[in-house]
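Below you'll find the structure, written out as structure tokens, and then a few comments.
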Protein chains: 2
Amino acid sequence: MTIKLKSKTATADEIALQLTEAIHTHRLNPGAKLREDEICDIFQVSRTIVRQSLHSLQHKGLVTILRNKGAFVAKPTLKEAREVFEARSLIEPAMARAAALRATPEDVAFLEDHMKAEKDALDREEVGEALRLSGDFHVQIARIADHNLIEALLAQLVARSALIIALYWRRRNALSDSSSHLGLVNALRDRDADGAEEIMKGHLLDLLMQLDLRDSPTGPVSLKDALKK
Amino acid sequence: MTIKLKSKTATADEIALQLTEAIHTHRLNPGAKLREDEICDIFQVSRTIVRQSLHSLQHKGLVTILRNKGAFVAKPTLKEAREVFEARSLIEPAMARAAALRATPEDVAFLEDHMKAEKDALDREEVGEALRLSGDFHVQIARIADHNLIEALLAQLVARSALIIALYWRRRNALSDSSSHLGLVNALRDRDADGAEEIMKGHLLDLLMQLDLRDSPTGPVSLKDALKK
DNA sequence: TAGGCATACATTGTATACGATTTAAAACTT
DNA sequence: AAGTTTTAAATCGTATACAATGTATGCCTA
């Protein structure tokens, strides 16, 4: 899928956002090289701007920059993958609880729309987009909980989760368990803080279970890479 | 012994680290302007490098960059301050627990040395340095817990906490409650996971209590600032 | 003299040029 | 022909030059 932009100059943030979405929807896979000149051509900006966005993404853990070698979409190790989900397990249940205590009817309606958009994307077989929306759902919970810091942090963790899913997803058929999201929305509507917290806890555990985080070294590696040195 | 005469050019990371330490020890206060040329002169590097480090610090939440106006040491709002400590309260007790289960005798010895260094700094009345060490203690717990992701995250939160302390510290006399740290080390030595978790929880609560995070708008504001716009 | 306007200065933002390093390719040797 | 050295190309890192923006100064007018 081509990444197009308006004729006027793009900002570093816009480029970073587009790259993030491409990663999130698996149009860009872990390990993919991000050559500066190539991105310059696509967005019609100087390398200065491109480098800003790449560094930005590096800080967020989505990109790995090797000195004098270039920028690559990050390839989380098994340990990093576990750590991401451990961190999420520490944070998100509390966010679900806080969200349940604060959610307005508008918030609930928003989440319902959000879930519908996800379902529509799945019906259209836009798997990547569905995955992105599914992750964004979690970020929205933090937004409803009115916790900006964790919202930003969670956005990073969710984006990294997309990388992890790309690397360690077990089966390609069953995608997301939307029933958890539905239950969460219901709990929010009912102001059921305990319920929301528990559902979130279980939901993250479910996600983790669907990943293959055993000690197999690095997952799918190209033969070329494996033999390189 | 020969001394390196070659004026080794500082890297962006080194500059960022020095600025971070200056912030951590309160040699740089919230709101301080960080002019690029000035930093260039100090470290004898081009603006390219300085801008890299400033952007890096912005991503970490220590610096705020206003377009066309420049970089300033961040000034956390009351809400942001609360969020930092809420996030720490979600994360750190779990780290204390994990650390208690993993701590080796070497780890315990290291923490004891660390506490002694903090005490020495206090005795020498190097308040800023003591504060920095006190914060780093928490980061070391995450390191012992062998959780790299949270260790990095916590380093950011601790650095931001230094800003918060600079802004919202209640009384200038009583500094840190070293008894909590001592208790924590003992719990780690005893492999007392529950105890470590509880002590950490209480310790963070104590810290929070010593801050003035009531709804007074932004804490210490000058009349001049208040009328500025 | 106070306020508004215009100009000059200071600082930041972006693009480009140049040097350093890596990667790929070619030529050479054994 | 395989391996090694040499050469060239591609790519990244840093410094610098220039443009855009913001800030301060002085002048003019009422």
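Every chain is numbered from 1 and lettered A, B, ... according to where its sequence line falls, protein lines coming before strand lines.
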*asked:* Just to verify, what does B:R132 make a side chain to side chain donor-acceptor pair (under 3.5 Å) with, not counting sequence neighbours?
replied: B:E129
*So is B:R82 actually on top of B:Y168's ring, under 6.0 Å and inside 45° of the axis?*
no
*With sequence neighbours excluded, what pairs up with B:E36 under the salt bridge (charged side-chain N to carboxylate O under 4.0 Å, His left out) test?*
B:R47, B:R51
*Can you give one letter per nucleotide of nucleotides 12-17 of chain D, 5' to 3': B if a protein heavy atom sits under 4.0 Å from the base, S if only from the sugar-phosphate, - if neither?*
BBBBB-
*asked:* Treating B:Q18 as the side-chain partner and B:I15 as the backbone partner, does any N or O pair qualify as donor plus acceptor under 3.5 Å?
replied: no
_Is any side-chain heavy atom of B:V158 closer than 4.5 Å to one of B:R88?_
yes
